[in-house]
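By convention here, the first residue in the shown sequence is residue 1.
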Amino acid sequence: MARSLETLQKQYNTAAVTGKSPVGGGRGPGRGGPMAATNSFAGKPADTKKTLLRIFSYVAKYWKRLVFVFLCMAVSTGAMLAGSYLLRPIINHIADTATPAGERVAYLGRMLLVLSGVYLVGIGGTYLQSRLMIGISRTAIQSIRNDLFTRLERLPLRFHDNNTTGELMSRFTNDVDNIGLMMDQSLMSMLSGIINLVGTLVMMIVTNIWLTLITLVFIPIFIGLSRFIISKSRRYYAAQQAALGAANGYIEESVAGQKVVKVFNHEADCVEEFGALNGDLRGKQMKAMFFGGIMGPIMGNMSQVSYALTAGIGGVLCALGRFDVGGLAIFVNYSRQFARPVNEISQQMATVFSALAGAERVFAIMDREPEAEHDRNAVKPEKLEGHVILDDVSFGYVPEKTVLKHISLYAKPGQKIAFVGSTGAGKTTITNLLNRFYDIDSGKITIDGIDIKDLPRDFLRQNIAMVLQDTHLFTGTVRENIRYGRLDATDEEVEAAARMASADSFIRRLADGYDTVIEGDGANLSQGQRQLLNIARAAISHAPILVLDEATSSVDTRTERHIEEGMDHLMQNRTTFVIAHRLSTVRNANAIMVLENGEIVERGDHDDLLAMQGRYYELYTGKSELT
Ligand SMILES: Nc1ncnc2c1ncn2[C@@H]1O[C@H](COP(=O)(O)OP(=O)(O)O)[C@@H](O)[C@H]1O
Ligand SMILES: [Mg+2]
């Protein structure tokens, strides 16, 4: 049985409020359920005016081009209005039976030529305005995407830990696309609508002031109605975009975790859970589209009423001889045209609402606090030696739960410090703190006597080479992936690093050797081979501090021994932190820290610890299981 929709819903709504990812107890790919930690939708739409202004700030940069667009619009609208007005003398002249028929036809011919000239100018204006506007909007969307990506790259790891990839992808695709659609279509429609409205009004007043007044009576009704519908539909559009993000997040997790889903036979559950999300999305889309869509028809009907009224009263005026037939013909035409921009603008509402909802979600990420380059007053020494001190360090990922308690240690260049302990003891967490993936809650970490908070972040990370517990390879050749560790490394250095990591021989056996393209996070390599490439990537770096987090957990013992020999050379003048699964690999460490529940319970070298006959002794002699 799948989690009910309400549970899913509740999860991501709570997440929106607390900013934490809900960790659901359910199975399936979306263990955490659809997360929307940065979701701005919590029932209440954000400040519409502010969001709109912010979107426009992206196009305002091109104000010169916008002015030109505006001129083009004025020209095309002017041409249209003039064209309509020309019908008045034409109709009056044709209807004038006093003039001979031949003369009337000749007049009509001349006027048709003039009319086509006027309309051609109008078409030219419309063409230019569309082309220019698309240029402006696409450039603006380019900068929005850029800003979003830049911010995403600079956000702390905590943010990425708490958001699903699919949800974030949804912001890049759907949400940004919606903003683009609004800029392409709605912005132009609205601008030209306003010009149209003003122009037509002027022409109406010129034609007949009394009939104009009748049309104007309807304006407050139009405005009132649209206000009501706008206020209703805004929230549904925001809900729609959030539901879309949730569904996308679920799809992404299912695709990424498809192997696991199949292993546990959870396909049917997945389908059911997705069905719930999909149904929710449909419901919200229907509501959003309904409210976005009814505006046009309602306005259309209202304008029909106003049209009929002006036509009737105008007809009476004509019969009384107070108004000319040509004038009436163009007036009803104008009153139609007057309703058109109102309709057009209201039809754009659906697009505008989607764009607003999308923009809120995009800006919510842009407004996230990025990782500061450095805090306080930064110092940047020439180079670091690698004296690492942890002084009474405590840390928890969430305030309620301390993961590391009072950790103190000192590591010198050339030393190898090992962490052992059961899974979840906090080994990886220590390495996360060293390069400031997360910041410590209390205590102090220094390198060469400098608090790491005073070092520029990029400089700090440059000085720590890491082999992370979970590997990641980028699409590209083997050579490029190793060179990722130091971009200016020569081909010889790449191969030397690969030899050190015992990766050289298997790389040479690949189809294209070092130029073999790795795809899909190394799907064409074994887990162990991926680890070897990761080690090579770290080995190529000149960083004085080296961190290996279970770097050889999927490698056989013989290869591991080889790597160790290779690395011994590499470790000589560096500070090395090793987390290892097999105790045999840490035997030669200068100091071994035994971690338990976030505390160092024993420390010393291999012989000391054995002599102590404590926890390490138990682990080593097999009296107690590791992991
Ligand atoms: N990103 C995270 N957010 C919250 N808690 C975490 C996170 N990563 C690890 N933890 C928790 O911190 C504890 C220590 O984890 P970790 O340092 O990865 O253990 P290990 O010793 O196996 O490397 C675990 O209880 C784990 O649940
Ligand atoms: Mg770990």
Side-chain angles (χ1 to χ4, degrees), residues 10-26 29-39 151-168 249 253 256-257 364-365 368-372 374-375 388 390-409 419-446 451-453 455 457 460-461 464 466-472 547-550 553 577 579 593-601 627:
K10 213 158 63 212
Q11 272 177 351
Y12 87 77
N13 279 342
T14 351
V17 176
T18 58
K20 263 184 285 171
S21 67
V23 180
R31 228 177 41 78
M35 304 183 223
T38 51
N39 225 323
R151 181 49 52 98
L152 220 52
E153 287 288 297
R154 288 193 53 208
L155 284 176
L157 205 69
R158 190 184 290 276
F159 174 84
H160 292 278
D161 279 350
N162 289 346
N163 285 279
T164 69
T165 315
E167 221 275 331
L168 292 180
E253 287 206 316
I365 292 187
R368 280 288 176 126
E369 193 64 32
E371 264 187 336
H374 49 76
D375 312 77
V388 181
L390 273 73
D391 182 12
D392 197 24
V393 169
S394 295
F395 169 76
Y397 290 96
V398 285
E400 314 88 65
K401 192 169 165 276
T402 324
V403 172
L404 289 178
K405 297 157 207 153
H406 310 290
I407 303 286
S408 295
L409 62 88
F419 295 105
V420 298
S422 40
T423 301
K427 305 181 296 289
T428 301
T429 307
I430 293 186
T431 66
N432 278 344
L433 300 180
L434 277 181
N435 68 355
R436 295 193 65 197
F437 277 164
Y438 289 87
D439 278 328
I440 55 177
D441 297 329
S442 68
K444 203 163 138 185
I445 301 180
T446 61
D451 192 323
I452 56 171
K453 284 192 178 161
L455 290 170
R457 223 175 266 264
L460 173 70
R461 290 181 186 162
I464 304 178
M466 274 208 168
V467 181
L468 299 174
Q469 190 164 7
D470 22 54
T471 60
H472 184 85
V547 177
L548 303 161
D549 188 356
E550 315 230 330
S553 58
F577 293 96
I579 297 170
M593 313 278 160
V594 184
L595 270 177
E596 209 159 296
N597 287 327
E599 281 177 283
I600 298 181
V601 290
T627 64

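- Between Asp451 and Lys444, the shortest heavy-atom contact is OD2-CG, 3.5 Å.
- Contact record, Asp391 with Ser408: C-OG, 3.8 Å, taken as the closest heavy-atom pair.
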**Prompt:** Between Leu390 and Ile430, does a side-chain contact (heavy atoms from CB on, under 4.5 Å) hold up when you go through it step by step?
**Reply:** CA-CA 10 Å; Leu390 273 73; Ile430 293 186; 4.2 Å; yes
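- Here the CG atom belonging to Asn435 is positioned 9.5 Å from the CZ atom belonging to Arg457, to the nearest 0.5 angstrom.
- Remark: Leu434 CG to Ile452 CD1 distance equals 6.5 Å, nearest 0.5 Å.
- The main-chain N or O of Arg461 is never found under 3.5 Å from a side-chain atom of Arg436 such that the two would form a donor-acceptor pair.
- With hydrogens and angles disregarded, no donor-acceptor distance shorter than 3.5 Å links the side chain of Arg368 to the backbone of Leu152.
- Side-chain atoms of Lys405 come within 3.5 Å of backbone N or O of Asn597 as a donor-acceptor pair.
- In plain terms, the two heavy atoms of Gly426 and Val403 that are nearest each other are CA-CG1, 4.4 Å.
- Two residues are said to be in side-chain contact when any heavy atoms from C-beta on lie closer than 4.5 Å; Phe159 and Leu168 meet this criterion.
- Under the 4.5 Å side-chain criterion, counting only non-hydrogen atoms from C-beta, Leu468 is not in contact with Asp549.
- A distance of 11.5 Å separates CD in Glu371 from CZ in Arg151, rounded to the nearest 0.5 Å.
- Of the possible donor and acceptor atoms, none in the side chain of Lys427 sits under 3.5 Å from a partner among the backbone N and O of Leu595.
- The backbone N or O of His406 lies less than 3.5 Å from a partner atom in the side chain of Ser394, making a donor-acceptor pair.
- At a threshold of 4.5 Å between non-hydrogen side-chain atoms, the residues Phe577 and Leu409 count as touching.
- The shortest distance between side-chain heavy atoms of Leu404 and Leu433 falls below 4.5 Å.
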**Message:** Applying side-chain contact (heavy atoms from CB on, under 4.5 Å) to Phe437 and Asp161, what does each step give before you reach the verdict?
**Reply:** CA-CA 11 Å; Phe437 277 164; Asp161 279 350; over 6 Å; no
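- Of all heavy-atom pairs between Phe395 and Arg158, the closest is CE1-NH2, 4.4 Å.
- In this structure Thr431 satisfies the side-chain hydrogen bond (donor to acceptor under 3.5 Å, both in side chains) test with no other residue, sequence neighbours excluded.
- Here Glu550 contributes atom CD and Asp470 contributes atom CG; the two are 10.5 Å apart, rounded to the nearest 0.5 Å.
- Using modelled atom types, one side-chain atom of Asp441 and one backbone atom of Gly396 make a donor-acceptor pair closer than 3.5 Å.
- A donor-acceptor contact closer than 3.5 angstrom is absent between the side chains of Tyr438 and Thr429.
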